[in-house]
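Worksheet for the structure shown next.
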Amino acid sequence: MLDINLLRNNSKEIQINLQKRGFDFDVNTFEKLDLKRKKLQVDTESLQEKSNILAKEVAQEKNKSTKDQKLKDAKKVSTDLKEIKIKLDTALEDLNTFLLGLPNLLSEDVPEGKSEENNKIIYEKGIIPDFSFKIKDHQEIGELSNGINFEESVTIAKSRFVVLRKEMAKLHRALSQYMLDTHVKNGYEEIYVPYLVNKKSLEGTGQLPKFEEDLFKVSDEEMYLIPTAEVPVSNIYRNKILNSEELPISYVAHTPCFRSEAGSYGKDTKGIIRQHQFDKVELVKFVHPEDSEAELEKLTKDAEGILNNLNLPYRKIILCSGDTGFASSKTFDLEVWFPSQKTYREISSCSNFRDFQSRRMKIRIKQSKENILCHTINGSGLAIGRTLAAILENNQTEQGSVIIPDVLVDYMGGTKELNLSR
RNA sequence: GGAGAGGUGGCUGAGUGGUUGAAAGCGCUCCCCUGCUAAGGGAGUAUGUGGUAAUCCUGCAUCGAGGGUUCGAAUCCCUCCCUCUCCGCCA
């Protein structure tokens, strides 16, 4: 959510900023809604004041006939108040709905562009493997030893789910353990959170009310499966006031993520790149506004560290205005090389939300004069399934084996190479 | 799931219809005093949102959440959520 005072006083600049996303901020509608709200609010409150005064006078009045008169007046005011309150509630709700639909303002340094084609590469790292044999994609490699199985998952659930077996299940586990351990060493606190969340939490981080179709809802309960750990972890401090000495607060959580992937029919149908359920290790920070830019760089570096240590070739990009997510002011994506696709694919998305989420969640920092909103930052460190797939593809050998990255060998019980021929 | 008891400010805790946004204590901040320390005295100390561009000033709201009764609700009624105790069930 954006600062309403900014909307009132700098509507033109906001319109220009949001235009870069391709979002049309309708100043006229906003001003109408706000004006309506203002009139009703002022009227309601002055009527309420009148009612409060009368109520006190009724209590103190000794004279019977004046008391009766005041009681009569008070009753009238009370009835009027009820009516106008209903109108005010509607006006407030309309305004709020409008505000919740506005995306975050973009940082100055976000490059302009319409779609992902205009994202800017910051740098590429690692060596793209040069295979002298016909390579397999990760699904084919996984199926060599029935380590990745899609038939069973369809039986159990439906498409876009997967069953991992034996060494693949173990590698999957090893990755999450390794990532968690590494981030904890880098100063993040490990945290375990609910995988089902309420509406308010999703509204807090920005998934609701706009993107309900991307979520899995648990019927009967007003609960949703989390699309990312960002939701439960960020909402830990909803409605809380933090002390500035305890900042920055850094958390790392490993959770499954559930996404309906509405509108992505036909995309990435092969392999485990796009699933309804996938695991992710997520980094979340609560920081002082002054530090958020630097903290985003740090968090991105921490995510990159995993790719470096796994020796996976990747690149860092900054998303252009049209591709930056609804709640984000600036996003770096880390993309890992997929030899079978001869392209880089997103494996981490690191964003600075500035005060957009904390305004929705009401997360403040205690200050001597006036409390201020904190800034939130998060990013994947990393998506487990895609990391697994990238290792399989980049580390495959002609013999049909996969070399385990050094840092994972201990986590794999000493195994240095997966021999997958049956 | 059944029976009972509760949810009040940073914390403890009073308050069962009318200057109670809320006593008291603790904590915290500032000041005074005491040559250090300990103790003592005084003042202050919630959040949100309006009227304002803003200090000041001031209105309104908030005693788990949402409704209702009433001129007036922390206090009465209803629904929901949560916590605790006992029983049942379960990993």
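Lettering follows sequence order; numbering is per chain, from 1. Source: prediction; values computed, not measured.
Closest non-hydrogen pair, A:Leu95 versus A:Asp34, comes out as CD2-OD1, 3.9 Å. Across all non-hydrogen atoms, the minimal contact from A:Glu167 to A:Gly147 is OE2-CA, 4.3 Å. Taking every heavy atom of both residues into account, A:Thr331 and A:Ser351 meet most closely at OG1-OG, 2.8 Å.
In RNA chain B, runs of at least 3 stacked Watson-Crick or G-U pairs (N1-N3 plus N6-O4 or O6-N4, or N1-O2 plus O6-N3, all under 3.5 Å) give these stems: B:1-7 with B:81-87, B:10-12 with B:24-26, B:27-32 with B:40-45, B:46-51 with B:57-62, B:64-68 with B:76-80.
Across the P atoms, B:U83 and B:G68 are found 28 Å apart, a figure rounded to whole Å. Nucleotides B:C76 and B:A14 place their P atoms 16 Å apart, quoted to the nearest Å. To the nearest whole angstrom, the two C1' atoms, one in B:U16 and one in B:G72, are 15 Å apart. With both ends at atom P, the span from B:A61 to B:A74 equals 10 Å, rounded to whole Å. The separation of B:G21 from B:C32, taken at their C1' atoms, amounts to 30 Å, rounded to a whole angstrom. One P atom belongs to B:G4, the other to B:C78, and the distance between them is 14 Å to the nearest Å. Remark: the separation of the P atoms in B:U45 and B:U70 is 37 Å, to the nearest Å. Separation of the C1' atoms belonging to B:A43 and B:C33 is 15 Å when rounded to the nearest angstrom.
A:Thr269 is linked by a side chain to side chain donor-acceptor pair (under 3.5 Å) to nothing, counting only residues two or more places apart in sequence or in another chain. Not a single salt bridge (Lys or Arg N to Asp or Glu O under 4.0 Å) links A:Glu189 to another residue, sequence neighbours left out. Every residue two or more places apart in sequence or in another chain that forms a side chain to side chain donor-acceptor pair (under 3.5 Å) with A:Asp302 is listed here: A:Tyr188. Under the ring pair (Phe, Tyr, Trp, His ring centres under 6.0 Å) criterion, A:Phe332 pairs with no residue, sequence neighbours left out. Take A:His138 and apply the side chain to side chain donor-acceptor pair (under 3.5 Å) test, not counting sequence neighbours, and it matches A:Glu393. With sequence neighbours left out, A:Glu290 forms a side chain to side chain contact (heavy atoms under 4.5 Å, CB included) with A:His288. For A:Asp410, there are no side chain to side chain donor-acceptor pair (under 3.5 Å) partners at least two apart in sequence or on another chain.
At a threshold of 4.0 angstrom between heavy atoms, the contacts of A:Asp73 with the nucleic acid are absent.
Following rounding to the nearest Å, A:Leu242 (CG) and B:G10 (P) show an atom-to-atom distance of 14 Å.
Within a 6.0 Å radius of CD in A:Glu213, other residues, nucleotides and ligands contribute more than 12 heavy atoms.
Aromatic ring centres of A:Phe356 and A:Phe326 lie closer together than 6.0 Å. Taking the ring centroids of A:His276 and A:Phe216, they lie under the 6.0 Å cut-off.
The only member of A:Lys39, A:Glu83, A:Lys85 that meets side-chain contact (heavy atoms from CB on, under 4.5 Å) when paired with A:Thr44 is A:Lys85.
Residues A:Leu71 and A:Gln48 each lie close to RNA chain B; by heavy-atom proximity, the contact nearer the 5' end of the strand is made by A:Gln48.
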For every nucleotide of nucleotides 45-50 of chain B, 5' to 3': is a protein heavy atom under 4.0 Å from its base (B), only from its sugar-phosphate (S), or from neither (-)? --SSSS
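Near RNA chain B, meaning a heavy atom under 4.0 Å from it, residues 74-90 of chain A has A:Ala74, A:Lys75, A:Ser78, A:Lys82 in order of number.
Rounding to the nearest 0.5 Å places CD of A:Gln357 at 9.0 Å from CZ of A:Phe286.
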Restricting to nitrogen or oxygen on both sides, can you table the protein-nucleotides 76-81 of chain B pairs closer than 3.5 Å?
none

Mind listing the N/O atom pairs, protein and nucleotides 17-20 of chain B, below 3.5 Å?
from	atom 1	to	atom 2	distance (Å)
B:G18	N2	A:Ala55	O	2.8

Could you walk me through whether A:Cys320 and A:Lys120 pass the side-chain contact (heavy atoms from CB on, under 4.5 Å) test, one step at a time? CA-CA 7 Å; A:Cys320 74; A:Lys120 233 172 76 190; over 6 Å; no
Show, in sequence, the C-alpha distance, side-chain angles and deciding distance for A:Ser260 and A:Asp214, and conclude whether the side chain to side chain donor-acceptor pair (under 3.5 Å) test is met. CA-CA 5 Å; A:Ser260 72; A:Asp214 297 336; 4.6 Å; no
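Within the 4.0 Å cut-off from OP1 or OP2 of B:C60, at least one side-chain nitrogen or oxygen of A:Asn52 is found.
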